Protein chains: 4
Amino acid sequence: MPPIRTWTMDDFRLDPSRPLYEQFVEQIRAMIAKGELEPGTRLPSVRETAASLRVNPTTVMKTYQELERLSLIVTYRGQGTFVTEEEEAIRRSRKELAVAAVRQMEETAKSIGLTLEQLWALAREKE
Amino acid sequence: MPPIRTWTMDDFRLDPSRPLYEQFVEQIRAMIAKGELEPGTRLPSVRETAASLRVNPTTVMKTYQELERLSLIVTYRGQGTFVTEEEEAIRRSRKELAVAAVRQMEETAKSIGLTLEQLWALAREKE
Amino acid sequence: MPPIRTWTMDDFRLDPSRPLYEQFVEQIRAMIAKGELEPGTRLPSVRETAASLRVNPTTVMKTYQELERLSLIVTYRGQGTFVTEEEEAIRRSRKELAVAAVRQMEETAKSIGLTLEQLWALAREKE
Amino acid sequence: MPPIRTWTMDDFRLDPSRPLYEQFVEQIRAMIAKGELEPGTRLPSVRETAASLRVNPTTVMKTYQELERLSLIVTYRGQGTFVTEEEEAIRRSRKELAVAAVRQMEETAKSIGLTLEQLWALAREKE
DNA sequence: GTGGTCTAGACCACA
DNA sequence: GTGGTCTAGACCACT
């Protein structure tokens with residue numbers, strides 16, 4: 001059972017106007033995609049996380065369940081929650097993030113009638 | 001007599017899981033940025049719009065209020081609502097959209113530890 | 001907005017030893033598959049259901065959210081929850097139920113070393 | 001000297017999201033019904049099993065207790081645990097498995113308003 | 001009115 | 001110890 005660092009409030013940047021669990025999912029997902037959280041690593045327990053992040057345990061549970069639906073973490077009953085060892089799932093997730101980001105930009109470009117190059121140039125213009 | 005634009009339900013692509021007014025704002029904003037809705041064009045009244053789009057009048061009101069806050073439309077009491085003739089406001093809005101799209105991509109790249117080029121390549125990979 | 005009958009406690013057969021929301025999902029899913037709940041029908045609201053079934057609103061919400069993940073119902077913000085009009089999703093769900101049932105029987109047969117016919121005969125034997 | 005069966009991790013297919021002891025019971029029960037584990041065969045001790053399967057000893061205890069409750073295994077104090085030699089108990093268990101599998105299919109069929117034949121045909125349909 | 005999020009706290013099964 | 005379910009009740013945004 002590999003060691004696990006407990007989260008601190010500095011590990012997350014939270015926007016109080018958006019659902020907390022959603023932001024936790026996004027940011028933990030990024031940590032896994034980045035490799036900062038390695039396959040097989042045990043995540044801090046629901047209660048521990050709730051205490052250290054000062055949120056309700058059910059909020060953490062919702063976060064973990066969502067990550068499990070994304071196949072990024074696995075729960076072993078009575079033992080805890082672990083980053084999946086299926087590296088394929090992690091690769092897929094990372095690719096999904098990349099595709100979504102690019103697609104979003106393409107859609108913005110199209111919606112305002114610009115090519116990607118034009119959008120890029122416009123964003124870079126000073127003033 | 002300014003041109004007038006009447007909406008039909010086909011003018012918008014709506015996702016029921018997101019706030020409708022937000023989607024209307026985004027899509028009308030894009031139409032203005034694209035020039036598809038020209039400066040000075042008169043928009044249909046709140047009641048008309050609500051009827052033709054089959055949504056609640058308050059949803060349309062919120063949409064128009066938000067677009068007014070962005071200085072993209074102006075309301076002349078008793079006369080109606082018009083796309084602004086301040087081309088500067090439209091340019092600014094278009095630029096904001098471009099900057100936001102690029103920034104969003106940069107943040108995704110950073111969050112998963114890739115450069116923009118790597119993110120781009122990953123999104124383009126087949127399979 | 002089509003009418004909707006409110007659930008009564010007789011609409012569900014509940015086993016207290018299993019998660020309630022899971023049983024609600026199964027049984028509502030069956031009602032949709034069976035055509036008893038037609039496409040476009042509005043489901044009773046979360047609060048109303050909670051009151052009539054004597055359960056907590058969050059339990060009903062979990063039920064509805066799970067059904068939404070199965071693409072069997074759709075939520076329109078501020079308006080309520082409706083059986084999907086995508087008949088394809090309903091067909092798919094119905095087929096999944098059938099496949100699961102058959103597969104489960106095949107696996108049982110295989111696990112005890114019988115053919116389907118033998119399993120069937122054995123189940124039918126009297127005494 | 002009775003034959004003895006030692007488990008390896010490959011003897012079981014485990015789904016971490018379900019209780020482990022339950023899955024052990026099901027699968028050992030099937031092995032006995034199938035005749036793969038013969039009457040009189042000695043099972044390894046709780047501690048041995050826990051070690052070879054890498055699970056908690058209490059999980060194995062619960063498994064053995066449940067199998068004993070089903071009269072499929074018997075424990076002789078100080079001598080060990082053995083597959084029952086009461087062939088009647090094994091027959092009964094095999095039949096219960098068959099009945100349960102058929103009943104489950106019948107209930108699925110009924111719940112979605114199909115006959116068994118229709119359910120079967122639906123499950124077999126291509127696409 | 002609708003659904004959605006969050007909290008606080010109880011209770012349970014599993015390992 | 002772990003996660004999972006359920007309750008009661010507050011508060012919010014959207015229509």
Side-chain angles (χ1 to χ4, degrees), chain A residues 1 4 14 16-24 42-51 53-66 68 73-82, chain B residues 14 16-24 50 53-63 66, chain C residues 1 4 14 16-24 42-51 53-66 68 73-82, chain D residues 14 16-24 50 53-63 66:
Chain A
M1 206 136 341
I4 171 61
L14 297 179
S17 74
R18 289 178 51 214
L20 297 179
Y21 82 92
E22 205 174 290
Q23 302 179 62
F24 289 137
R42 174 157 181 235
L43 299 180
S45 79
V46 169
R47 290 159 169 73
E48 197 178 337
T49 305
L53 297 183
R54 317 258 191 163
V55 295
N56 194 284
T58 58
T59 302
V60 179
M61 277 223 12
K62 207 167 175 183
T63 300
Y64 281 12
Q65 284 176 346
E66 179 66 16
E68 188 153 21
I73 68 179
V74 185
T75 295
Y76 290 93
R77 327 234 331 173
Q79 311 233 94
T81 304
F82 302 80
Chain B
L14 297 179
S17 73
R18 289 177 50 212
L20 296 182
Y21 85 92
E22 207 175 288
Q23 301 179 63
F24 288 133
L53 295 183
R54 317 245 192 176
V55 296
N56 195 298
T58 61
T59 302
V60 180
M61 274 197 40
K62 213 166 171 182
T63 300
E66 180 64 12
Chain C
M1 208 135 340
I4 171 62
L14 296 180
S17 75
R18 289 178 50 214
L20 298 179
Y21 82 92
E22 207 175 288
Q23 302 179 63
F24 289 136
R42 173 157 179 235
L43 300 180
S45 78
V46 169
R47 288 160 171 72
E48 199 178 337
T49 304
L53 296 184
R54 317 257 192 166
V55 296
N56 192 283
T58 58
T59 301
V60 179
M61 278 224 11
K62 207 169 174 182
T63 300
Y64 282 12
Q65 284 176 347
E66 180 65 16
E68 187 154 21
I73 67 178
V74 185
T75 295
Y76 290 93
R77 326 234 333 174
Q79 310 232 95
T81 304
F82 302 80
Chain D
L14 298 179
S17 74
R18 290 177 49 213
L20 297 182
Y21 85 94
E22 208 175 287
Q23 302 180 61
F24 288 133
L53 296 183
R54 316 247 191 175
V55 297
N56 196 299
T58 62
T59 303
V60 180
M61 275 197 41
K62 212 166 173 181
T63 300
E66 179 65 11

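Not measured: the values here are computed from a predicted model. Just so it is clear: chains get the letters A, B, ... in the order the sequence lines come, proteins before strands, and each one is counted from 1.
Note on K62(D): every side-chain N or O is 4.0 Å or more away from OP1 and OP2 of dA15(E). Of the side-chain N and O atoms in Q65(C), one or more sit less than 4.0 angstrom from OP1 or OP2 of dG4(E). Neither OP1 nor OP2 of dA15(E) sits under 4.0 Å from any side-chain N or O of Q23(D). OP1 or OP2 of dG3(F) sits under 4.0 Å from a side-chain N or O of T81(A).
Sequence order on DNA chain F of the closest nucleotides to L43(A) and R54(C) puts L43(A) first from the 5' end. Mapped onto DNA chain E by nearest heavy atom, Y21(D) and T58(C) fall at different nucleotides, with T58(C) at the one closer to the 5' end. Both V46(C) and G78(A) lie near DNA chain E, and the one whose nearest nucleotide falls closer to the 5' end is V46(C). Of the residues near DNA chain F, E22(B) and R18(C), the one whose nearest nucleotide (by heavy atom distance) lies more toward the 5' end is R18(C).
Nucleotide dG4(F) holds its P atom 14 Å from the OH atom of Y76(A), rounded to whole Å. Spacing between atom CD1 of I73(C) and atom P of dT2(E) amounts to 15 Å, rounded to whole angstrom units. At whole-Å resolution of the value, CD in E66(C) and P in dT5(F) are 10 Å apart. Atom-to-atom, CE of M61(A) to C1' of dC6(E) comes out at 14 Å; the value is rounded to the nearest Å. Between N56(A) atom CG and dC11(F) atom P there is a gap of 16 Å when expressed in whole angstrom units. At whole-Å resolution of the value, CZ in R77(A) and C1' in dA13(E) are 7 Å apart. Atom CZ in F24(C) sits about 11 Å away from atom C1' in dC6(F), given to the nearest Å. Going from atom CD of E68(C) over to atom C1' of dG3(E) covers 10 Å, rounded to whole Å.
Atom OH of Y21(D) and atom CD of Q23(D) lie 11.0 Å apart (nearest 0.5 Å). How far CD1 of I73(C) is from CZ of R42(C): 12.0 Å, rounded to the nearest 0.5 Å. Taking CG of L20(A) as the start and CG of L53(A) as the end, the distance is 9.5 Å to the nearest 0.5 Å.
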Identify all side-chain donor-acceptor contacts of residues 55-63 of chain C below 3.5 Å with residues at least two apart in sequence or on another chain.
| unit_1 | atom_1 | unit_2 | atom_2 | d |
| --- | --- | --- | --- | --- |
| N56(C) | OD1 | T58(C) | N | 2.9 |
| N56(C) | OD1 | T58(C) | OG1 | 2.8 |
| T63(C) | OG1 | T59(C) | O | 3.0 |

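Side-chain contact between Y64(A) and L43(A) is present, with heavy atoms from C-beta onward closer than 4.5 Å.
Remark: the R47(A) side chain and the dG3(F) base include a donor-acceptor N/O pair separated by less than 3.5 Å.
The environment of R54(D) atom CZ is sparse: at most 12 non-hydrogen atoms of other residues, nucleotides or ligands sit within 6.0 angstrom.
Ranking dT2(E), dT5(E), dG4(E) by closeness to the S45(C) side chain, first place goes to dT2(E). In the set dT15(F), dT7(E), dT7(F), the nucleotide with an atom closest to the side chain of V55(A) is dT7(E).
Nearest approach of P16(C) to L14(C), heavy atoms of both residues: CD-O, 3.6 Å. Considering every non-hydrogen atom in both S17(B) and R77(C), the closest pair reads O-NH1, 3.1 Å.
Stem analysis of DNA chain F (at least three stacked-register Watson-Crick or G-U pairs, each with both distances under 3.5 Å) gives E:1-14 with F:1-14.
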